[in-house]
Novice: 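This is the structure, below, for whatever I ask next.
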Amino acid sequence: MGLTFIAIKPDGVHRGLVGEIIARFEKRGLKLCALKVVVPEKAIAEKHYEEHAGKPFYPGLVDYLCSGPIVAMVWSGKDVVAVTRKMIGATKPAQSEPGTIRGDLALDMGRNVIHGSDSDDSAQREIKLWFKEEEVCSKYVKADRMWVYEVTDEHTH
């Protein structure tokens, strides 16, 4: 089972969408491994979005992430990065399909409610940026595991 980083951005927190978003991931069968509410420090936000450094929108993106609380999370599941990206929808809400988080809950690219890692490498980097190793509790087995996954010898967690 893989891990991914998901963050509900300040607009999602202020709009009261945290419970609905978490419920969507839980209903899908994913396992919550870490969660915290934090107002990001500028240095963390800069590092989080470092691939955009130098682009015209970068300073506004960093300032926005630091503008209020976010809910930082780690989720686990089979193909979790691909699954969560599909659930989140396109970066531009107008291009997001109905039924996705952004398709249902966002209208503006600058206020698109949620961030999700876009690759396994990004997930590892972002998890290490936002959480200490001991804060990620991924070893437990959810009680509904046998009803979410076809359990085989290779998938024992």
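Bear in mind the structure is a predicted one, so any value in this text is a computation, not a measurement.
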Novice: Kindly work out whether a path of hydrophobic side-chain contacts (I/L/V/M/F/W/Y, heavy atoms less than 4.5 Å apart) joins V81 to L3.
Specialist: no
Novice: Return the minimal non-hydrogen interatomic distance between T4 and A123, and the atom names on each side.
Specialist: CA-CB, 3.8 Å
Novice: When you measure from the side chain of E135 to the backbone of K132, do you find a donor-acceptor pair of N or O atoms at a distance under 3.5 Å?
Specialist: yes
Novice: Could you go through the side-chain contact (heavy atoms from CB on, under 4.5 Å) check for D118 and R85 one step at a time?
Specialist: CA-CA 7 Å; D118 61 5; R85 293 293 294 181; 3.9 Å; yes
Novice: I need the M73 CE to I127 CD1 distance, nearest 0.5 Å.
Specialist: 12.0 Å
Novice: Between D104 and R24, does any side-chain N to carboxylate O distance fall below 4.0 Å?
Specialist: yes
Novice: In Å and rounded to the nearest 0.5 Å, what is the NE2 to CD distance from H52 to E46?
Specialist: 13.5 Å
Novice: Using modelled atom types and a 3.5 Å cut-off, is there a donor and acceptor pairing between side-chain atoms of R15 and backbone atoms of L105?
Specialist: yes
Novice: Counting only N and O atoms by type, is there a donor-acceptor contact under 3.5 Å from the side chain of Y49 to the main-chain atoms of P59?
Specialist: no
Novice: Is E51 atom CD crowded by more than 12 heavy atoms from other residues, nucleotides or ligands, each under 6.0 Å away?
Specialist: yes
Novice: Checking the side chain of T100 only, and the main-chain atoms of S96 only, is there a donor and an acceptor separated by less than 3.5 Å?
Specialist: no
Novice: Indicate yes or no: does K27 engage E20 in a salt bridge with an N to O separation below 4.0 Å.
Specialist: no
Novice: As an exercise, state the distance from CD1 of I8 to CD1 of I101, rounded to the nearest 0.5 Å.
Specialist: 8.0 Å
Novice: Just verifying a value: how many Å separate E41 CD and C66 SG, rounded to the nearest 0.5 Å?
Specialist: 8.5 Å
Novice: Please give me the minimum heavy-atom distance between P69 and V37, naming the atom from each residue.
Specialist: CB-CG1, 3.9 Å
Novice: Could you tell me whether K142 and D144 make a salt bridge, using a distance below 4.0 angstrom between a side-chain N and a carboxylate O?
Specialist: yes
Novice: To the nearest 0.5 angstrom, please state how far the CD1 atom of I22 sits from the CH2 atom of W75.
Specialist: 6.0 Å
Novice: Please determine whether residues V18 and I6 belong to a single hydrophobic cluster, defined as Ile, Leu, Val, Met, Phe, Trp and Tyr linked transitively by side-chain heavy-atom distances below 4.5 Å.
Specialist: yes
Novice: For K47 and E126, what are the C-alpha separation, side-chain angles and deciding distance, and is it a salt bridge (Lys or Arg N to Asp or Glu O under 4.0 Å)?
Specialist: CA-CA 9 Å; K47 195 164 197 152; E126 292 169 355; over 6 Å; no
Novice: Just by modelled atom types, is the P93 backbone N or O under 3.5 Å from a matching donor or acceptor in the R102 side chain?
Specialist: no
Novice: Is the terminal nitrogen or CZ of K78 (NZ for Lys, CZ for Arg) located under 6.0 angstrom from the six-membered ring centre of Y149 and within 45° of that ring's axis?
Specialist: no
Novice: As an exercise, state the distance from CZ of R145 to OH of Y140, rounded to the nearest 0.5 Å.
Specialist: 12.0 Å
Novice: Checking the side chain of R28 only, and the main-chain atoms of T84 only, is there a donor and an acceptor separated by less than 3.5 Å?
Specialist: no
Novice: Evaluate S138 against V74 for side-chain contact (heavy atoms from CB on, under 4.5 Å), listing each step before the verdict.
Specialist: CA-CA 9 Å; S138 61; V74 177; over 6 Å; no
Novice: Do L35 and V80 belong together in a cluster built from hydrophobic side chains that touch within less than 4.5 Å?
Specialist: yes
Novice: Is NZ or CZ of K36 both nearer than 6.0 Å to the six-membered ring centre of F131 and within 45° of the ring axis?
Specialist: yes
Novice: Are F5 and V38 connected in the hydrophobic side-chain network, where two residues link if heavy atoms are under 4.5 Å apart?
Specialist: yes
Novice: Show your reasoning for whether side-chain contact (heavy atoms from CB on, under 4.5 Å) applies to H115 and H48.
Specialist: CA-CA 11 Å; H115 165 84; H48 179 81; 3.4 Å; yes
Novice: Is there a path from V62 to V13 through hydrophobic residues (I, L, V, M, F, W, Y) whose side chains come within less than 4.5 Å of each other?
Specialist: no
Novice: So, R111 side chain and A106 main chain: donor-acceptor pair closer than 3.5 Å or not?
Specialist: no
